[in-house]
Amino acid sequence: MTRNLLFAAAAAAAILMRAPMANAFSPAPNAAEAAGPQTASLPDGVEVRSGGVLLRVTALRDDVLRIRAGRGQLPEDASWAVLADARRASVKVEALAEAGAVGFRTKDLVVRLDPTTLRLTVEDREGRTVLADAAAPSLKERGFSLRKSLPDGERYYGLGDKAGPLDRRGQAFTLWNTDAYGYQDNSDPLYKSIPFFLGVAPDGKSYGLLLDDTFQTWFDFGRTDPKQLSIGAQNGPVDYYVLAGDTPKQVVEAYAWLTGPAPLPPLWSLGFQQSRYSYMSDAEVRSIAERLRQERIPADAIYLDIDYQDRNRPFTVNPKTFPDLPKLVSDLRGEGFRLVTITDLHIADAPNQGYAPYDTGVAGDHFLKTTDGKTYVGEVWPGPAVFPDFTRAETRDWWGSLYKNFHDAGVAGFWNDMNEPAIFGTPTKTMPPDVAHRIDEPGFTPRTATHAEIHNVYGMENSRATHDGLLELAPDDRPFVLTRASYAGGQRYAATWTGDNSSTWSHLALSVSMQLNLGLSGFAWSGADVGGFAGSPSPELLTKWIEVGAFTPLFRDHAAKGTRPHEPWVDGPEQTDIRRHYIEERYRLMPYIYALADKTARTGLPVMRPVFLEFPRQPEDGNLAAFMLGPDLLIAPPRNGESLDPFDVTLPGGGWFDYWTGKPTAAVVHETPSLARLPVFVRPGAILPRQPLMQSLSEAPHGALELRVYPGPHCRGELYWDDGRSMRRDDAAVLRQEVRCETTPNGLKIVFERRSGGYRPWWNGLHVAVYGWRAPQATAKLDGKPVPTVFAPDPGVLNVDLPDQPGPAVLVFE
Ligand code: MIG
C-alpha cells in the first residue's frame, strides 16, 4: 500500500516559495522520519518527496507544466530562458483522487505521479498519453537523467540548428556551444544549445519539452535504446517544461509564450545582404555597392568582417584601410545600403595602450577571472584577450555602451561572432570549466558560477548585451543583432546563422533542415551562408543556393577568406540573370514576408516552416528539402541538389498553383530539375500581397499593391505595413488588414476587412489578380458598382485595378 503522508505545515511553508495561497498540507508530525513517500496537493500542482528527492509538478497554464526536482530541495526558481511572467503564471488544478497515484487535472491535461518511483505520466483529457516516464528519474550527486517513452511513429524536431536529418528520431545530441568550422551532417555539438524539442504523433498531436539546464545536456531520441527517449545533464537542476497541443503549431506558440517571440526586425534586414570575410577596404566596399547597383541586383546590407579593425581589436577601425567610416556609412546610405559590422567579444589584453574597451573594462571590473582571482586570458584574433562577464547586468550595460561610436557613425547592425566562446590553442576550443562568472540577474541568488554552468548561455548574454545596448542608444530603433552562439530564449535578442557551413550540395540541403529546426526552436530569423562559407561553390551551386536563400528568413551571401569570390555577378551574365531574378522575387514578395514577420513577432510562429507545421496529418513524402515560407508558399528544391533525376512533389490536400506560371497544378507534380527553376507552389486559398520592384527596401515603392488571389479553402491573406524601423507598435504606427475570399456559385467574392491601425501605406491603389479564372466574360463589382476587368487567358487570370481599400468593402466577380 502506498502511504500518502502529508508534510508538516511548517516544512511545507519552507519549501513553498511560490503559490503562497491556501494549500492542502495538513499536519503529520512524524512526516520527516517517515520511510515512505510524502505527497502534497498544491493549488496549482502536486509535490512528492521520495527517496530523498523532492519533485514538484505545477501547471503554468492548462497546457503547460513545469517539473522541478532536487535532492532534498527544489532548485532555485530562476531561468535565463523562461520569461519571469511565464514562470509566475499558474492555473488552479483539481487534485486526483485515485489509489496508487497522486496527481491533478487541468482543463487540458491529467498528470499522474507514482509517489514511490516519481514516475510521471501526462495524458490529455481523452486519456491519450502525451508523455510518460519509461523509468524513474535518476538524480545523482551531480547530473541526472530522465527516460521517456518513445512511441512508434512519433517524430522529433527542434534543438535548434543541430545537423543531420530534419526528424531527430534515432539520433543523439550533446548541447555544448562549439565553434564547429567545417561541420558536416553528423557533427555535434554545434554553435548553439537550445534544449527544446517537439514530439509530433502521426495524427498531429504534439508536445514540447524544454530542459532548462545550462550545463552540458544530452538528448537521445531512441539511438541507444530504440524504445526510449532519454535526456540528461552533467550538472544543474531538474527543471523542465512540458507543453501539450492538438497541433504542433499550438506547441510552438506555447513555447513562444514561455520564452518570448522573436521581435520584428528592421525592414532592411529582410533584403539581400552581401558579406565576405573580409571586404578589406573602404574602396572595396564601395566597389561592391556600386557593382550591385550597376548589375541591378537589389540589396540592402553590406557586412564588414574582422579585417576592418585595427589589429583585430573589437570596437576599433583600421585608419589606413577605412579612413572615414562615418562618410562610408552615409555614402552607402545614399545608395540604399546599411552597413553591418562584426564586433567580437574578445577584448584585446592591451593595457596602457589607450584601447578604451580594455581600459574601461578593467576600471569597471568587467572581465572574467580564474579561480585564483586573476583575469582570465585566452588567445583569439587580437592575440591574448580578456572576456566580458556577460551574466552581470552592469557588465552588459558597459558592453552596450561600447557601441556608441559605431551607432553615432550610422552603422545599422552588429554581428556577434565567436561567442561560444571560441578560444584558440586549447584542446577544448573554449575557456576552462572553472573560470568564474558572476551572476547578477533577477530570480538568481547573486553568486559566482563556473564556466561549466554559464558556457551555454554566454553567447546569448553577449547578444542580449548588444541588443539592450542598442536600445539604450536609440530606444525607438529596432536593433539588428546577428549572433552565432545562443541558448533557448535567445531569439528575443538576435537573429542567427548556421555558422561555418561548406560550399557543397549536401550543405545546401542541410541548411534547410537546420533552419527549419531553428524556427521550431524559437529562432524565426535565421540564415545560412549563401554559397557556403568554406570552399568555393560551383556556379550552379551558387545559383541554386541564391534561389533557395531568397525564400529563407535571412538572405545573406557570405564566404570564407581565400575562397573564390561569390557575389552574384561573378559567374557571368547567364548565371547573374537567374540569380537576379530570384533576388528580385524576394523583393516583390516583401509585403507577404513582412506580414509574416509581424505575425511571428506576435505569435512566435516561424517564418520558414516544415510542411507538417501547416499540414500535420500530411504523411512525409521524404522530400526533406521541401519547406514553406509562411502558410502559403511551398518551396521544393530537388532532393539531391546536383542530380538531374526527375522527382515528384506531393502537394498537401490536392492541386495547388505554380507560383511562377500561375497555373493550377495536379496533386503530384513531376519536376525535372533545371538550373533556372526552383519549384515554388502557392496554396489554393492564398492571397499574396506583392510590391513593385525596388533596388533597396529603404526606397518607398511607387504605385499599387498587387494582391494575387488563388481561390480555395480558407481563403485569406494579410496586409501589414509600418515605417520599417521603429519600435512603436501602437495603432498609429502600424497598418493591419485581413482580406478574405469565398467562391460563390457564379464566381468569387473578395472581402476587404476594415483596416486596423492608422499607418499610411506607400501604395496608392490595388491591383487584384484572380488566378485559376476560366471564363473570359466576367464582371466585377466593388460594393455594387461595376469596375472594369481585364482577362488574361493564359494562365487564366482576371485583373482589376482599384483605389486603395481600407475596408470594409466587397468585390464580387461573376
Ligand atoms: O574564425 O570573422 O563564423 O562567419 O567570417 C573565424 C571571421 C571567425 C567565423 C564566422 C565567420 C566569419 C569569421 N569567423
Side-chain angles (χ1 to χ4, degrees), residues 160-161 163 177-184 187 189-192 273-280 284-285 288 301-318 321-322 339-348 378-383 385 387 413-426 428-431 458-459 462-463 466 480-486 494-503 507 510-511 514-515 518 523 526-537 545 549 554-567:
D161 52 0
N177 292 0
T178 302
D179 179 358
Y181 172 84
Y183 69 85
Q184 297 304 335
S187 302
L190 301 184
Y191 305 91
K192 290 171 259 302
Q273 311 190 6
Q274 183 62 56
S275 181
R276 173 164 192 88
Y277 174 22
S278 300
Y279 294 131
M280 298 301 287
E284 188 175 5
V285 172
I288 295 291
I302 298 180
Y303 279 59
L304 296 188
D305 205 328
I306 54 174
D307 295 292
Y308 77 94
Q309 303 168 121
D310 177 15
R311 288 164 286 166
N312 289 333
R313 294 182 173 186
F315 303 102
T316 65
V317 178
N318 183 328
T321 49
F322 289 88
L339 196 71
V340 179
T341 60
I342 200 166
T343 53
D344 288 346
L345 77 184
H346 38 243
I347 297 297
E379 179 89 11
V380 210
W381 293 121
F387 297 81
F414 296 94
W415 180 14
N416 290 162
D417 186 20
M418 304 293 275
N419 51 4
E420 294 71 28
I423 315 259
F424 298 158
T426 68
T428 63
K429 303 205 268 182
T430 193
M431 55 180 68
Y458 191 64
N462 169 217
S463 66
T466 308
F480 179 76
V481 182
L482 186 65
T483 188
R484 193 169 71 176
S486 203
T496 190
W497 88 106
T498 61
D500 296 341
N501 61 359
S502 301
S503 302
H507 264 273
L510 185 58
S511 71
M514 290 175 81
Q515 288 182 262
L518 271 171
F523 282 79
S526 71
D529 289 354
V530 167
F533 181 74
S536 298
W545 210 318
L554 291 183
F555 187 18
R556 187 180 72 134
D557 181 326
H558 184 55
K561 212 164 230 193
T563 60
R564 192 172 74 86
H566 57 70
E567 291 77 21

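We count ligands from 1, going down the list as the structure has it; atoms in each ligand are counted the same way.
The closest side-chain heavy-atom distance from F387 to H346 is below 4.5 Å.
Looking at residues two or more places apart in sequence or on another chain, you find no salt bridge (charged side-chain N to carboxylate O under 4.0 Å, His left out) involving R313. D529 meets the salt bridge (charged side-chain N to carboxylate O under 4.0 Å, His left out) test with R556; sequence neighbours excluded. Residues satisfying the side chain to side chain donor-acceptor pair (under 3.5 Å) test with T466, not counting sequence neighbours, are W399, Y403, N416.
Among protein residues, Y277, D305, I306, I342, W381, W415, D417, M418, R484, W497, D500, F533, H558 come within 4.0 Å of ligand 1, judged on heavy atoms.
A salt bridge does not link K561 to D305: none of the charged side-chain nitrogens sits closer than 4.0 Å to a carboxylate oxygen.
Aromatic rings of H558 and F533 (six-membered ring for Trp) have centroids within the 6.0 Å cut-off, being under it.
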